[in-house]
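Remarks on the structure that follows.
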Amino acid sequence: MPTAVHQLVLEVLQGCADAALVEASRLGPARIVTPTELALETDDLDAVRSLRRAVSASTALTVPARRPRELLETSVQQRLGTLLEDLARQRPRQRFTGLRLEAAGSDTPEMLRVAEAIAELAGVAPAADGDLVVRVRRGREAGTWQVLLRTTPRPLSTRAWRVINYPGAVNATIAATVLDLLEIGEEDSLLDMTCGSGTFLVEQLHELAPARSHGIDLDPAAIEAAERHQRAARRRGRIDWQVGDVLTAKIEPGFTRIVTNPPWGTLHGEHESNQQLLADLLRRAAELAAPEARLGILTHEIIRMHAVLDGDRFGWRPIREHRFFQKGHHPRLFLFERG
């Protein structure tokens with residue numbers, strides 16, 4: 001019996017699509033549909049859970065229909081039943097406890113009947129907090145509707161190793177994309193100057209372990225969380241964690257890759273003090289960098305960062321600004337090379 005080819009829709013954060021496309025293309029033909037959505041064809045549904053640059057993955061069914069109630073037709077329900085059986089065959093098994101419908105007019109009688117029918121096929125009950133997320137929307141072609149069934153109970157962007165909810169942690173799919181742009185190899189030495197709970201360094205271990213990894217943060221609770229996250233990740237590779245002020249702490253220099261996601265806005269200080277911090281981090285990174293090193297500064301303080309770059313760049317050459325969009329926030333990666 002030939003292996004089924006699954007039509008998937010991948011949700012991504014704006015700014016992560018190119019990195020997500022490279023990753024998804026390892027599983028089959030993939031393309032960017034919009035800045036926040038990719039299409040993927042693959043015969044390996046289990047491997048989809050390994051994607052680290054997508055927020056979520058959904059198996060998709062597009063059918064000719066003028067109204068949502070036509071999704072209740074027997075032929076459509078049979079096809080949806082097949083998709084649900086495919087989800088049930090995933091290994092390790094994905095257990096869903098309730099169905100949550102996300103659709104325009106989800107509380108209308110017509111949409112409620114659609115939700116109830118799909119829930120019956122899945123063997124779960126409709127629930128406002130259901131983990132089998134079903135999206136119903138108009139198809140991209142005229143006269144079609146599309147049903148999307150999320151393949152996992154939790155989004156792909158949720159990291160199992162993140163066992164502590166440390167405030168201000170960078171989004172993991174953004175972190176993975178930032179690390180891609182830094183182009184880190186096994187021979188590199190990687191420093192996170194404001195490591196927080198360790199997202200960048202732990203995320204990097206899922207791709208490859210650099211020759212040297214070092215994370216430093218002022219907050220002992222952050223370093224404790226980072227150590228726990230590394231243990232929970234169960235990935236090979238050593239990370240040296242340090243409590244201290246990166247601007248003054250004793251750190252052996254020579255890093256070929258440096259990253260920082262410094263505090264931002266009034267939540268973590270004032271704009272003026274954050275501008276000074278950005279300048280200090282640029283200077284300190286120069287002191288700790290190897291020749292031809294690469295530096296990435298991920299910040300929401302765009303205006304303040306540009307003001308810093310109007311002054312002394314301490315030998316850093318700007319090579320790229322990369323924008324991300326995440327739930328009302330617009331962080332930007334400033335990428336530099338030494339020299």
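A distance-only check finds no donor-acceptor pair linking the side chain of E203 to the backbone of F200 [under 3.5 Å]. At distances below 3.5 Å, at least one donor-acceptor pair connects side-chain atoms of R313 with backbone N or O atoms of L309. Distance alone, capped at 3.5 Å, is enough to place a donor-acceptor pair between the H229 side chain and the I164 backbone. Between the side chain of T256 and the backbone N or O of S189, at least one donor-acceptor pair lies under 3.5 Å. Panel note: side chain R93, backbone L87; no donor-acceptor pair is recorded below 3.5 Å. Formation of a donor-acceptor pair under 3.5 Å by the Q204 side chain with backbone atoms of L208 is found in this model. With H329 contributing its side chain and F325 its backbone, the two residues share no donor-acceptor pair below 3.5 Å. Counting only distance, with no hydrogens or angles, the side chain of E23 and the backbone of R52 share a donor-acceptor pair below 3.5 Å. Using a distance-only test at 3.5 Å, with no hydrogens or angles considered, no donor-acceptor pair links the side chain of D180 to the main chain of A19. The closest donor-acceptor contact from the side chain of D217 to the backbone of A222 lies at 3.5 Å or more, if one exists at all.
Under the 4.5 Å side-chain criterion, counting only non-hydrogen atoms from C-beta, H322 is not in contact with R332. No side-chain heavy atom of W241 sits under 4.5 Å from any side-chain heavy atom of I216. In this structure the side chain of H6 never reaches within 4.5 angstrom of the side chain of D44, judged on heavy atoms. At least one side-chain heavy atom of I297 sits under 4.5 Å from a side-chain heavy atom of L278. Within the 4.5 Å cutoff, the side chain of T158 has heavy atoms near those of the P155 side chain. The shortest side-chain heavy-atom distance between V243 and L218 does not fall under the 4.5 Å cut-off. Side-chain atoms of P210 and E186, non-hydrogen and from C-beta on, never get closer than 4.5 Å to each other.
I118 is connected to L83 through a chain of hydrophobic side-chain contacts under 4.5 Å among Ile, Leu, Val, Met, Phe, Trp and Tyr, so both are in one cluster. Using a 4.5 Å cut-off between side-chain heavy atoms of Ile, Leu, Val, Met, Phe, Trp and Tyr, with links allowed through other members, W316 and L182 fall into different hydrophobic clusters. Cluster annotation: L121 and V136 are assigned to the same hydrophobic cluster (Ile/Leu/Val/Met/Phe/Trp/Tyr, side-chain heavy-atom contacts under 4.5 Å, transitive). Hydrophobic clustering places L179 together with L335 (ILVMFWY residues linked when any side-chain heavy atoms are closer than 4.5 Å, directly or through intermediates). Note on L281: it does not cluster hydrophobically with L181, by side-chain heavy-atom contacts below 4.5 Å among ILVMFWY residues.
For residues 15-63, the set of pairs meeting the ring pair (Phe, Tyr, Trp, His ring centres under 6.0 Å) definition, not counting sequence neighbours, is empty. The side chain to side chain donor-acceptor pair (under 3.5 Å) contacts involving residues 161-173 comprise R162-T199, Y166-D219, N171-T173, where partners must be two or more places apart or lie in separate chains.
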- [ ] Given ring pair (Phe, Tyr, Trp, His ring centres under 6.0 Å), test F334 with H306 step by step and report yes or no.
- [x] CA-CA 10 Å; F334 290 80; H306 281 144; 5.5 Å; yes

- [ ] Could you walk me through whether L61 and V76 pass side chain to side chain contact (heavy atoms under 4.5 Å, CB included), step by step?
- [x] CA-CA 9 Å; L61 174 63; V76 176; 4.2 Å; yes

TODO: Check step by step if side-chain hydrogen bond (donor to acceptor under 3.5 Å, both in side chains) holds for Q14 and T36.
DONE: CA-CA 5 Å; Q14 192 165 343; T36 59; over 6 Å; no

Open item on the list: Apply side chain to side chain contact (heavy atoms under 4.5 Å, CB included) to residues Q7 and E41 and explain how you reach the verdict.
Closed with: CA-CA 5 Å; Q7 306 293 327; E41 296 181 10; 3.2 Å; yes

Task: Residues L21, L38; criterion side chain to side chain contact (heavy atoms under 4.5 Å, CB included); working and verdict - done: CA-CA 7 Å; L21 178 65; L38 274 63; 3.9 Å; yes

- [ ] I would like to know whether R320 and E337 meet salt bridge (charged side-chain N to carboxylate O under 4.0 Å, His left out); could you show each step before the answer?
- [x] CA-CA 10 Å; R320 181 171 184 177; E337 284 184 345; over 6 Å; no

Open item on the list: What verdict does the side chain to side chain contact (heavy atoms under 4.5 Å, CB included) test give for E321 and L333, after you've listed the backbone C-alpha separation in whole Å, the side-chain angles of each residue and the deciding distance to 0.1 Å?
Closed with: CA-CA 6 Å; E321 291 183 30; L333 176 69; over 6 Å; no

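Between R228 and E224, no side-chain nitrogen of the basic residue sits less than 4.0 Å from a carboxylate oxygen of the acidic one, so the salt-bridge criterion is not met. Note on E292 versus R317: no salt bridge recorded, every NZ/NE/NH1/NH2 to OD/OE distance being 4.0 Å or above. The pair R113-E116 fails the salt-bridge criterion, with no side-chain N (NZ, NE, NH1 or NH2) lying under 4.0 Å from an Asp/Glu carboxylate O. For the pair R236 and E207, the salt-bridge criterion is not met [side-chain N within less than 4.0 Å of a carboxylate O]. Taking the charged nitrogens against the carboxylate oxygens, E183 and R257 have no contact shorter than 4.0 Å, which rules out a salt bridge. A salt bridge between R67 and E110 is absent, with no side-chain N of the basic residue lying under 4.0 Å from a carboxylate O of the acidic one.
Expressed to the nearest 0.5 Å, how far CD1 of I174 lies from CZ of R53 amounts to 13.5 Å. For the atom pair OG (S58) and CG (L10), the distance works out to 8.5 Å, reported to the nearest 0.5 Å. The CG atom of D188 sits 12.0 Å away from the CZ atom of R212 when rounded to the nearest 0.5 Å. One distance of note links CG of L84 with CZ of R89; it measures 10.5 Å at 0.5 Å rounding. In this structure, CG on L40 lies 5.0 Å from CG on L8, to the nearest 0.5 angstrom. Atoms CG and CZ, from L190 and R294 in turn, are 13.0 Å apart once rounded to the nearest 0.5 Å.
The minimum heavy-atom distance between A54 and V12, with the atom names listed, is CA-CG1, 4.0 Å. When all heavy atoms of E301 and T299 are compared, the pair lying nearest together is N-OG1, 2.9 Å. The shortest non-hydrogen separation linking A60 to V9 is CB-CG2, 4.0 Å. The nearest pair of heavy atoms linking C16 to T177 is SG-OG1, 3.4 Å. Of all heavy-atom pairs spanning L101 and A115, the tightest one is CD2-CB, 3.9 Å. When every heavy atom of L298 is checked against every heavy atom of P331, the shortest pair comes out as CD1-CB, 4.0 Å.
With sequence neighbours excluded, the residues forming a salt bridge (Lys or Arg N to Asp or Glu O under 4.0 Å) with R100 are E102, listed by chain and number. Qualifying salt bridge (Lys or Arg N to Asp or Glu O under 4.0 Å) partners for D240, counting only residues two or more places apart in sequence or in other chains: R238.
Taking Ile, Leu, Val, Met, Phe, Trp and Tyr as hydrophobic and joining them when side-chain heavy atoms fall under 4.5 Å apart, one finds V133 isolated, its cluster having no other members.
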Do any side-chain atoms of residues 141-154 form donor-acceptor pairs under 3.5 angstrom with protein atoms, and if so which ones, sequence neighbours left out?
residue : atom : partner : partner atom : Å
T144    : OG1  : E141    : O            : 2.6
W145    : NE1  : R66     : O            : 3.4
Q146    : OE1  : R137    : NE           : 2.8
Q146    : OE1  : R137    : NH2          : 2.8
Q146    : NE2  : T62     : OG1          : 3.0
R150    : NE   : T152    : O            : 3.0
R150    : NH2  : P153    : O            : 2.4
T151    : OG1  : A57     : O            : 3.3
T152    : OG1  : R154    : O            : 2.6

